[in-house]
Amino acid sequence: MATSTPSLPLPTSPTSLNVIALISGGKDSLYSILHCIRNGHKVVALGNLYPPTTTTTPHEEGKPQDEEEQDEEEDIDSFMYQTIGHSIIPHYESALGIPLYRQPITGSAVDTGRVYRDSSSSASSGGEGKEGEGGTDETESLIPLLQRIKAAHPEANAISAGAILSTYQRTRIENVAARMGLVPLAWLWQYPVLPAPEERFGLGSGEAGLLEDMAAVGCEARIIKVASGGLDAGFLWGDVSGRNAMVRRRIVNGMKRFVLDGGDVRGAVLGEGGEYESLALDGPSFLWKRRIEVPRWEEGAGEGGVAFVRVRGARCVDKDAEGDGVVPGDVRRPVLLDEGFKGVLEEVLGGEEVMGKREESSVVSSQRQMEMSQSTNGGTWVVANITAPEAGPGAAEQMEAIAQKIEAILASTRHEDGSAPRTTADIVFTTVLLRSMADFALMNGIYVSLFKKPNPPARATVACGESLPEGVKVMVSAVVDLGPREQRQGLHVQSRSYWAPANIGPYSQAMSVPVQGSEHMVYIAGQIPLEPASMEMMSASGEALTRPWIENYTTRAVLSLQHLWRIGHAMEVDWWLGAVAFLTGGEHIETQARLAWNIWERMHARQEQEDDEDGESGLDVWDIKYGGRAHEQATGPSTPNLPNFGVVQSDALVPAFFAVQIEELPRGSDIEWQGLGYRCGGLRMAAEETDYGRKTTVSTEQNLSYIGIEIDMGQLGSDLDSYLQDKLQKLPELVEGSHAIIYTSQPLSKPAFPAQIVPCKSVWGPKGRELAAGVIIQRHAPAL
């Protein structure tokens, strides 16, 4: 089928939010305001926290001080907030024409864990945001500030901040936002690794791309502190976002000498490791009504090569009445698809004929209750097929009973020596099967009560309709990590950005669990094609309605897989053990399954990637030693290869794949990708045909085997239940200590081994081939 490549849709117009913009005076927080406006939102107030040593008095907190009174403590940055240059902050109210509210910082960095209020973090001490042995954490200073702003602006329902790579900062703002009922916005999150805006194509902006985008709309941001071996006092007052790129070039050249192992320099160029601090003085006229002028400044010096600026005589002055001609639409946004995914989209739509039509078979309920199953494999324990139809006919009643069962099962693990039992904090992944998506809210309201930690388990939620046993409205399966909690790593980004969909619900984007040695299993939540900036479904309106369904579906399939990929990048995944594409639809289901396979296959068949490993540059080693900002724990913007062909020893390079047709998906989506990633130093792959179906095996250096088995359809008219049972019982891979998941449309009677069952309408394998069942087996044993 030859078809023209579709133009990628622009983000849909979201419901406008009323935003409280947190500002520090730095370039990122002020530039984030431009993105709020660019995305159709209104900034109703500015919020700022200042050090208690400032000369600002409470009744004058929103007013600029007289020139003679302006003085600042030297190098007074807190752990959480930029405070150097704080005497300038009152001028932003006049410069932007937006009400400013300020509050003194109280407390100190009590909870220094990477994730706020995560008691499992070894770095966290007393960080519950309350008065305690360590005192009050400075993050809590935001609460009274936001309470004042909401009292004055009850319409406020969102909060923006300038976090780019700092998990430390982002998780604290998200925690406070959740408690205040505000939508967190972090437009610059992971910006350095996102594809360049169209306006920047071919300009060779490289490491300073974000700064180039600031310059394109007339931002002015001066360097007021340097704390890196690559930058000295000669950089002070340089304009990092000026039209003249000379300062940016000097920063790039200076920082390249201090980024180890040839790593990515982008984070350091942006100052994400504390290499420098900036002060925004001007920007486009649609936001900046006036500009801030600084007639003079003095240089100060601190320890370890730190140099900073003391501002003198700052004032707001009028701008050119004719304006600068810049409009909100000129603010650059990253394009929606990465280059690799855009290429896959073009290849799939421009490739061979993929259309197929299949008569949808009627679904027959199994009428059999699936028994709960348990299995232990190495360091994980799976409790599967938990149902509670006996609790009543409603989804809420059943979910309440399921929650009680889960807690009781975990409580039963208390050891004879009196050691604490496992709890819901040890669950790292759940699969929630509903009869109808109409029951989602009822289920979710009870589900959320199970998890109290900042990083709840990753989750996949689908509706199976009449495929579920009679009377069952909810079925839950859970993976429990039996290892130390402090060794897990979670990713729970709740802020809206351009990166990937925010997870505002009780689940994380991903959970990484150590297997053995340095290997990690990475469980990733199901991903649907939401546009990250708007959190709206792609192709829900406008031009998309006039395009062929196949273009819309394929674009959605590519976007949702890109979400999976970006989360995998962030979690340092080297290889996918396998993936499942959950699909909804009817007559085109065969085509949908084939297209999903084509996308999956092509993402593992791109041209060979470089084997060089990117180093992390989110923190500058000089700054860790001298600059006092190591607490930021920013994740570097390096983009490791995924898939990383350097770790696999095989010619079979496409991991296990199943397309599973179910009744409904969240938000009315027609595709959801769910994948299992692996972080390792090496693995082997093998694919072979057996008498029970095609088998794809991944074996790791730590003797973990992940096996995908495609069980072919039986002969027409055969007893499919008996046929499938016979095939399953012959699988030699199913030994004690295995975890098994069976995707099947057949009314499967009790299998001869413990297994998680996902009942569905149909199952498809590679190349759009319909299967009787898809089986995934995971075990710790020598490779087969």
For the pair Glu572 and Arg679, evaluate salt bridge (Lys or Arg N to Asp or Glu O under 4.0 Å) and give the outcome as yes or no after the intermediate values. CA-CA 6 Å; Glu572 300 179 354; Arg679 194 166 77 197; 3.5 Å; yes
Might you work through the salt bridge (Lys or Arg N to Asp or Glu O under 4.0 Å) test for Arg488 and Asp426, ending with a clear yes or no? CA-CA 10 Å; Arg488 301 174 204 147; Asp426 297 303; 2.6 Å; yes
For Arg200 and Glu212, run salt bridge (Lys or Arg N to Asp or Glu O under 4.0 Å): C-alpha distance rounded to whole Å, both residues' side-chain angles, the deciding distance at 0.1 Å, then the answer. CA-CA 9 Å; Arg200 203 170 2 112; Glu212 297 287 348; over 6 Å; no
From CA spacing to verdict: salt bridge (Lys or Arg N to Asp or Glu O under 4.0 Å), Lys256, Glu207: CA-CA 10 Å; Lys256 279 182 176 178; Glu207 298 90 348; 3.7 Å; yes
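Ring centroid separation for the pair Trp576 and Trp673 does not come in under the 6.0 Å cut-off. Between Phe341 and His563, the distance separating the two ring centers is not shorter than 6.0 angstrom.
Looking at every heavy atom in both residues, Arg667 comes nearest to Glu536 through NH2-CA, 3.9 Å. The shortest heavy-atom contact between Gln527 and Leu564 is CG-N, 4.0 Å. Residues Leu491 and Ser508 approach most closely at O-CB, 3.2 Å, considering heavy atoms. Gly267 and Leu165 get closest at one heavy-atom pair: CA-CD1, 4.0 Å. Tyr101 and Ala152 make their closest contact through OH-CB, 3.4 Å (heavy atoms, listed as atom of the first residue, atom of the second, distance). Scanning both residues, Trp187 and Cys36, for their nearest heavy atoms gives NE1-SG, 3.4 Å.
Taking Phe451 as the reference, Tyr447 meet the ring pair (Phe, Tyr, Trp, His ring centres under 6.0 Å) condition, with sequence neighbours excluded. For Tyr498, the side chain to side chain donor-acceptor pair (under 3.5 Å) partners at least two apart in sequence or on another chain are His35, Asn39. Partners of Tyr507 by side chain to side chain contact (heavy atoms under 4.5 Å, CB included), not counting sequence neighbours, listed by chain and number: Arg459, Asn503, Ala525.
Side chain to side chain, Glu174 and Ser495 meet the donor-acceptor criterion of an N or O pair below 3.5 Å. Remark: the Thr106 side chain and the Ser141 side chain contain an N/O donor-acceptor pair separated by less than 3.5 Å. Residues Asp213 and Tyr191 bring a donor and an acceptor atom of their side chains to less than 3.5 Å of each other. Using modelled atom types and a 3.5 Å distance limit, the side chains of Thr423 and Arg485 yield a donor-acceptor pair.
When the shell of 6.0 Å around CD of Glu198 is examined, it contains 12 or fewer heavy atoms from other residues, nucleotides or ligands. Residue Ile504 places its CD1 atom among 12 or fewer non-hydrogen atoms of other residues, nucleotides or ligands, all under 6.0 Å distant.
The side-chain tip of Arg170 does not point at the ring of Tyr168 from less than 6.0 angstrom away and within 45° of straight on.
For the pair Ile98/Leu287, a side-chain contact is recorded, criterion being any heavy-atom separation below 4.5 Å from C-beta on.
Without hydrogens or angle criteria, Arg566 side chain to Trp499 main chain gives a donor-acceptor distance under 3.5 Å.
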